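Down below is the structure, laid out as structure tokens.
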Amino acid sequence: MIIFLTKSVIPEAWRTFAEGKYGIFTHPVLSEVGKKYGKSAVQAALRRNVQRGVVVIPKSTHKERTEQNFDIWDFTLSEEDTEKIAKLDTGKSGIVN
């Protein structure tokens, strides 16, 4: 989804966690980056999107995970770490072919 404002376009992440597909919760690169900041793999992925200016609306039915999803505002990923995460992009949509 793209939200149009008067002079801006703000991308929004849908299916932020891809419903757990692709091993996002335990991915070695995301886990390594998250650990460096005392965070989880998911928190590293969320922070990467936020730093790119993407609106993220993660969903969880678990209170603990919901709280964890909000706990991404006390750190900033280094350029090196954002590049590591960017290399994981497959260039394919998880929603449409």
Side-chain angles (χ1 to χ4, degrees):
M1 172 180 214
I2 297 178
I3 301 167
F4 292 94
L5 300 176
T6 46
K7 296 184 180 183
S8 308
V9 176
I10 302 171
E12 179 182 341
W14 282 63
R15 292 180 61 193
T16 307
F17 304 137
E19 297 174 354
K21 296 178 185 173
Y22 316 111
I24 189 169
F25 299 114
T26 58
H27 194 283
V29 172
L30 294 173
S31 295
E32 173 194 335
V33 170
K35 185 177 181 180
K36 180 177 174 181
Y37 300 92
K39 302 293 181 180
S40 69
V42 168
Q43 287 170 310
L46 286 173
R47 186 66 202 173
R48 165 70 166 95
N49 276 317
V50 167
Q51 283 183 216
R52 292 181 350 164
V54 175
V55 174
V56 294
I57 306 173
K59 171 193 161 284
S60 179
T61 58
H62 303 280
K63 182 181 178 188
E64 178 183 296
R65 290 183 190 160
T66 300
E67 290 171 351
Q68 188 181 68
N69 292 341
F70 281 109
D71 189 22
I72 62 166
W73 303 105
D74 60 346
F75 73 107
T76 301
L77 297 173
S78 70
E79 184 68 29
E80 177 185 2
D81 291 330
T82 58
E83 289 175 12
K84 284 181 187 177
I85 295 172
K87 289 178 183 177
L88 302 178
D89 187 352
T90 63
K92 298 178 184 175
S93 170
I95 300 172
V96 296
N97 290 327

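In this text the structure is predicted, and so the values were computed from the model without any measurement. For reference, positions follow the sequence shown, starting with 1.
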field: Selection residues 46-57 - residue pairs positive for salt bridge (charged side-chain N to carboxylate O under 4.0 Å, His left out), sequence neighbours left out
entry: none

- prompt: Among pairs that include at least one residue of residues 28-41, which meet salt bridge (charged side-chain N to carboxylate O under 4.0 Å, His left out), considering only residues two or more places apart or in two chains?
  reply: Glu32-Lys84, Lys36-Asp81, Lys39-Asp71, Lys39-Asp74

query: Which distance, rounded to the nearest 0.5 Å, do you find between the CD1 of Ile72 and the OG of Ser40?
result: 10.0 Å

- prompt: Within the side chain of Gln43, is there an N or O that forms a donor-acceptor pair under 3.5 Å with the backbone of Gln68?
  reply: yes

side-chain contact (heavy atoms from CB on, under 4.5 Å) against Glu79, all qualifying residues, sequence neighbours excluded: Thr82, Glu83

statement: So CD1 of Ile85 and CD of Glu80: to nearest 0.5 Å the spacing works out to 11.0 Å

- request: Measure across Ala41 and Ile24 and return the closest heavy-atom pair with its distance rounded to 0.1 Å.
  value: CB-O, 3.6 Å

- prompt: Under 3.5 Å, is there a donor-acceptor pair between the side chain of His27 and the main chain of Val29?
  reply: yes

query: Do Val42 and Leu30 come close enough that some side-chain heavy atom pair is under 4.5 Å?
result: no

Hydrophobic cluster membership, Val56 vs Phe70, 4.5 Å side-chain cutoff: no

